[in-house]
Amino acid sequence: MLQMNDSVEPDAAVLPTEGMAAPGFPSAGGGAEAAGAGAGAAGSGPGSAAYGAETLTPISVKDPTLQARVKDYFVFRPGTIEKAVSDIRSIAMPTEDGGVQSVWLLTEIDHWNNEKERLVLITERSLLFCKYDFISLICRQVMRISLNAVDTISIGEFLFPPKSLNKREGEGIRVQWDKRETPSFINRWNPWSTDMPYATFTEHPMANADEKIASLCQLGNFKTQLIQAVKKAHKEAPLPGRANGVLILERPLLIQTYVGIMSFINNEAKLGYSMSRGTIGF
């Protein structure tokens, strides 16, 4: 999570570049800390002891496979996330959105089970979903939802029809607005439709690959801060002519896909992420 205010806090969590340490993050350097161990010379007899030996603290060894995969994602390259946050911050309109509270890197799951890499902003009055090109460093699309229009937040595991051929495991969070629980028939069966009354998010696939990345991608912290922001918006700016307040539910998140060939190809090839793919990147 990147927590932000109009004036930069000295202890704000920022993803550090390589070779630099930030508050709350370990120093970059492959995850290993330098340690000196001056061992004394051993005596000639079997009972002689070594002198000057220091006690070494255990080293947290990260999964080298995950570390290698992190490098394929452009968002985790030095300086990329800072540039993206700076660009997205300029999109937020102070008069309409208020100040930016936090920025998150999550995966959006659309109504056809396709994964899409997203930057999500929580501001004082809005929730922004940003499609950001981490290769060209350009914001391609922004969806803005007023926090006081959010009426339901559901948290739970993903649920698919019994005969679905392409399912996913794990937990997500679904944000619904405008008192519309289900999309129209046309939008529901249109894989390219963006006119949906909800958005579903889960953790980024590299959320647990590195400690420096984890705070930016934690779904539980995002849920907590989103609920607080929505409740505050309903209290301070209630919508006239309708019942205000947000409903928090723990229930399965239904994704109605059956064959799922398109989403299978998209998700297996990680087409929804800005990645290095051999000699090219997209």
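With sequence neighbours left out, R77 forms a salt bridge (charged side-chain N to carboxylate O under 4.0 Å, His left out) with no residue at all. For S154, the side chain to side chain donor-acceptor pair (under 3.5 Å) partners at least two apart in sequence or on another chain are R251. Taking the side chain to side chain donor-acceptor pair (under 3.5 Å) definition, one finds that T123 meets it with nothing, sequence neighbours left out. Residues forming a side chain to side chain contact (heavy atoms under 4.5 Å, CB included) with E124 (at least two apart in sequence, or on another chain): Q101. Looking at residues two or more places apart in sequence or on another chain, you find no side chain to side chain donor-acceptor pair (under 3.5 Å) involving R125. Under the ring pair (Phe, Tyr, Trp, His ring centres under 6.0 Å) criterion, F129 pairs with F201, not counting sequence neighbours. Here K235 pairs with nothing under the side chain to side chain donor-acceptor pair (under 3.5 Å) rule; sequence neighbours left out.
Clustering of Ile, Leu, Val, Met, Phe, Trp and Tyr by side-chain heavy atoms under 4.5 Å joins M93 with none of the others.
Applying the ring-ring contact (aromatic ring centres under 6.0 Å, His included) test to pairs two or more places apart or on separate chains, those with a residue in residues 221-255 are W104-F222. Each ring-ring contact (aromatic ring centres under 6.0 Å, His included) pair with one or both residues in residues 78-98, not counting sequence neighbours, would appear here, but there are none.
Going from atom CD of Q176 over to atom OG1 of T200 covers 8.0 Å, rounded to the nearest 0.5 Å. Atom CZ of residue F76 and atom CG of residue L105 lie 5.0 Å apart, to the nearest 0.5 angstrom. With rounding to the nearest 0.5 Å, the separation of CG in L253 from OG1 in T202 is 9.0 Å.
Remark: aromatic rings of H111 and Y198 are distant, center separation not under 6.0 Å.
With D110 as reference, K116 is the one residue of R174, R118, K131, K116 to meet the salt bridge (charged side-chain N to carboxylate O under 4.0 Å, His left out) rule.
S126 contributes no side-chain N or O that, together with a main-chain N or O of I122, makes up a donor-acceptor pair within less than 3.5 Å.
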When the side chains of residues 134-153 are checked against the rest of the protein, which donor-acceptor pairs come out under 3.5 Å, sequence neighbours left out?
{"residue": "S136", "atom": "OG", "partner": "D133", "partner atom": "OD2", "Å": "3.3"}
{"residue": "R140", "atom": "NE", "partner": "D133", "partner atom": "OD2", "Å": "3.4"}
{"residue": "R140", "atom": "NH2", "partner": "D133", "partner atom": "OD2", "Å": "2.9"}
{"residue": "R144", "atom": "NE", "partner": "D97", "partner atom": "OD1", "Å": "2.9"}
{"residue": "R144", "atom": "NE", "partner": "D97", "partner atom": "OD2", "Å": "3.2"}
{"residue": "R144", "atom": "NH2", "partner": "D97", "partner atom": "OD2", "Å": "3.2"}
{"residue": "N148", "atom": "ND2", "partner": "A237", "partner atom": "O", "Å": "2.8"}
{"residue": "D151", "atom": "OD2", "partner": "D178", "partner atom": "N", "Å": "3.2"}
{"residue": "D151", "atom": "OD2", "partner": "K179", "partner atom": "N", "Å": "2.7"}

Donor-acceptor pairs under 3.5 Å, side chain of residues 155-167 to any protein atom, not counting sequence neighbours: which ones?
{"residue": "S164", "atom": "OG", "partner": "T257", "partner atom": "O", "Å": "2.8"}
{"residue": "N166", "atom": "ND2", "partner": "G260", "partner atom": "O", "Å": "3.3"}
{"residue": "N166", "atom": "ND2", "partner": "S263", "partner atom": "OG", "Å": "2.7"}

